[in-house]
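The structure appears below as structure tokens.
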Amino acid sequence: MTSSSWSRPWALRCSACDTPAPLEKASLCTACGQPLFARYDAVPRGTALTDRWDMWRYAPFLPLASGEAPVSLGEGLTPLIESESLAAAVGVRRLWIKDEAQNPTASFKARGMSAAVTRARAEGYPGLVVPTAGNAGAALAAYGAAAGMPVKVFAPRTTPRPILDTIEAMGADLVRIDGHIGDAGKLALAHASETGFFAISTLREPYRVEGMKTMGFEMAEQLGWRVPDVVVYPTGGGEGTVGIWKALQELAAGGWLDGADSPRIQPQYVVAQAAGCAPIARAFAAGQEKAEPWVDPVTHAAGLRVPSPLGDRILLRILRETAGVAGTASEDAIREWTFRLASATGIDAAPEGGCALSVLRDAVQAGQIASDAEVVVYNTGSGASYRA
Ligand SMILES: *Cc1c(COP(=O)(O)O)cnc(C)c1O
């Protein structure tokens, strides 16, 4: 199959107010400031997936122009590993771990960067810049190298050392800053406006989330084109959670999902956050439509240290619409469940994955998740990235 036969035209529209936006230099909606989404005609069930053995297998659902080859390092197609002992430990019927550590640079951030760098290269940007809590910087450094484009990364000084080393090993220009990812974001935007580099911050451009969708396509296909009862995602900026939700919408629109009577379209989402930085959990508990910035975010689960996520309104909507749960885990609980995840399964659990399991266990104990539920938990990164 030639790559041109995968391509489908897409348009950009606001995720909130549906205002159309031009494809060139896409950022936020100029009418309301919310993130833009790529929109396609539905991909009907039976449309051939590609024969690639990476996330571009789902290219008919992705923003790839006619005749274009993606910037790819073999991202995606990660295993979905069932664990009976973890299901018993948290008190649900069946539990699978989707192990995103098995991606280039060891996190799901590879998927988003593969999609966004593909678009940035096609649009002719002179370079790429990202603010990061760690893994996004490592992933962008790798995909920039693959695309032959210069990369600038702004990361907190407190980012785990192995991640900072990876960023530099891939030849990116790393600036260590005092502060958190929000502070890094301001510097990255200033750098983008000085240099014309493509600013790849979470949900500030529409393409990273397109790559994240592939976590949802794979999960559904691995379960036999079904949706589980519950998806647990350790949520920082929200791109992973939003990507899975958007993928399942698109599968449902094309009739891909099976079910005994009527297919389940969306699972119940569990947004897992660290107790030291939980803007979404706090806003959801208060019944708010948007989140207030978290002052002084502190957690060793670096990917969750995002005090003011741009996807707050979309995440809160997903939680409301799916009878979801937003919970938190203490630093000790994150450590305990990271160890339990790794030692029970052999998966190299990241602290974010441990946080997800801890929040799931608490939600089951509180009766918010049914004990006969089938649950998919995302282990979003690798433990090795955090072992200095
Ligand atoms: C970025 C990251 C997260 C948070 O993902 P969002 O898409 O920003 O919500 C979770 N875990 C790890 C390991 C990460 O790198």
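Order of appearance sets the numbers: ligands from 1, and atoms from 1 within every ligand.
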Proximity flag P234 to ligand 1, non-hydrogen atoms under 4.0 Å: yes
Side chains of S27 and E205: donor-acceptor distance under 3.5 Å anywhere? no
Hydrogens and angles aside, do E100 and T78 bring a side-chain donor and acceptor to less than 3.5 Å of each other? yes
Taking the basic N atoms (NZ, or NE/NH1/NH2) and the acidic carboxylate oxygens, is any pair closer than 4.0 Å for E239 and R204? no
Could you tell me whether D41 atom CG has more than 12 heavy atoms of other residues or ligands within 6.0 Å of it? no
Please verify whether a non-hydrogen atom of T235 lies at under 4.0 Å from ligand 1. yes
Shared hydrophobic cluster for Y269 and V364 (ILVMFWY, side-chain gaps under 4.5 Å): no
Among all protein heavy atoms, pick out the one at the shortest distance from atom 1 (C) of ligand 1; state its residue, atom name and that distance to 0.1 Å. K109 NZ, 1.3 Å
Report the nearest protein non-hydrogen atom to atom 5 (O) of ligand 1: residue, atom name, distance rounded to 0.1 Å. F108 CZ, 3.2 Å
Below 4.0 angstrom from a heavy atom of G381, which ligand 1 atoms are there? Numbered from 1 as shown, please. 13 (C)
Does ligand 1 have a heavy atom under 4.0 Å from the side chain of M212, from its backbone, from both, or from neither? neither
Tell me which one of R93, R264, R94 satisfies side chain to side chain donor-acceptor pair (under 3.5 Å) with D229. R264
Please determine whether a side-chain nitrogen of the Lys or Arg among K290 and D312 lies less than 4.0 Å from a carboxylate oxygen of the Asp or Glu. no
Residue, atom and distance of the protein heavy atom nearest atom 8 (O) of ligand 1 read G237 N, 2.8 Å
When distances are taken from atom 6 (P) of ligand 1, the protein heavy atom at minimum range is G238 N, 3.4 Å
Using distance alone, determine whether E239 and ligand 1 share an N or O pair under 3.5 Å. yes
Looking at R305 and E352, is there a salt bridge between them, counting it only when a charged N and a carboxylate O are closer than 4.0 Å? no
Run the numbers for me: atoms of ligand 1, each under 4.0 Å from some heavy atom of N135, listed by number. 13 (C), 14 (C), 15 (O)
Do Y40 and E210 pair up side chain to side chain, a donor and an acceptor below 3.5 Å, judged on atom types alone? yes
Within a distance under 4.0 Å of any heavy atom of E352, pick out the atoms of ligand 1 and give their elements. 10 (C), 11 (N), 12 (C), 13 (C)
Looking only at protein heavy atoms, which one is nearest to atom 11 (N) of ligand 1, and what is the separation? T380 OG1, 2.6 Å
Numbering the atoms of ligand 1 from 1, which are under 4.0 Å from a heavy atom of G240? 7 (O)
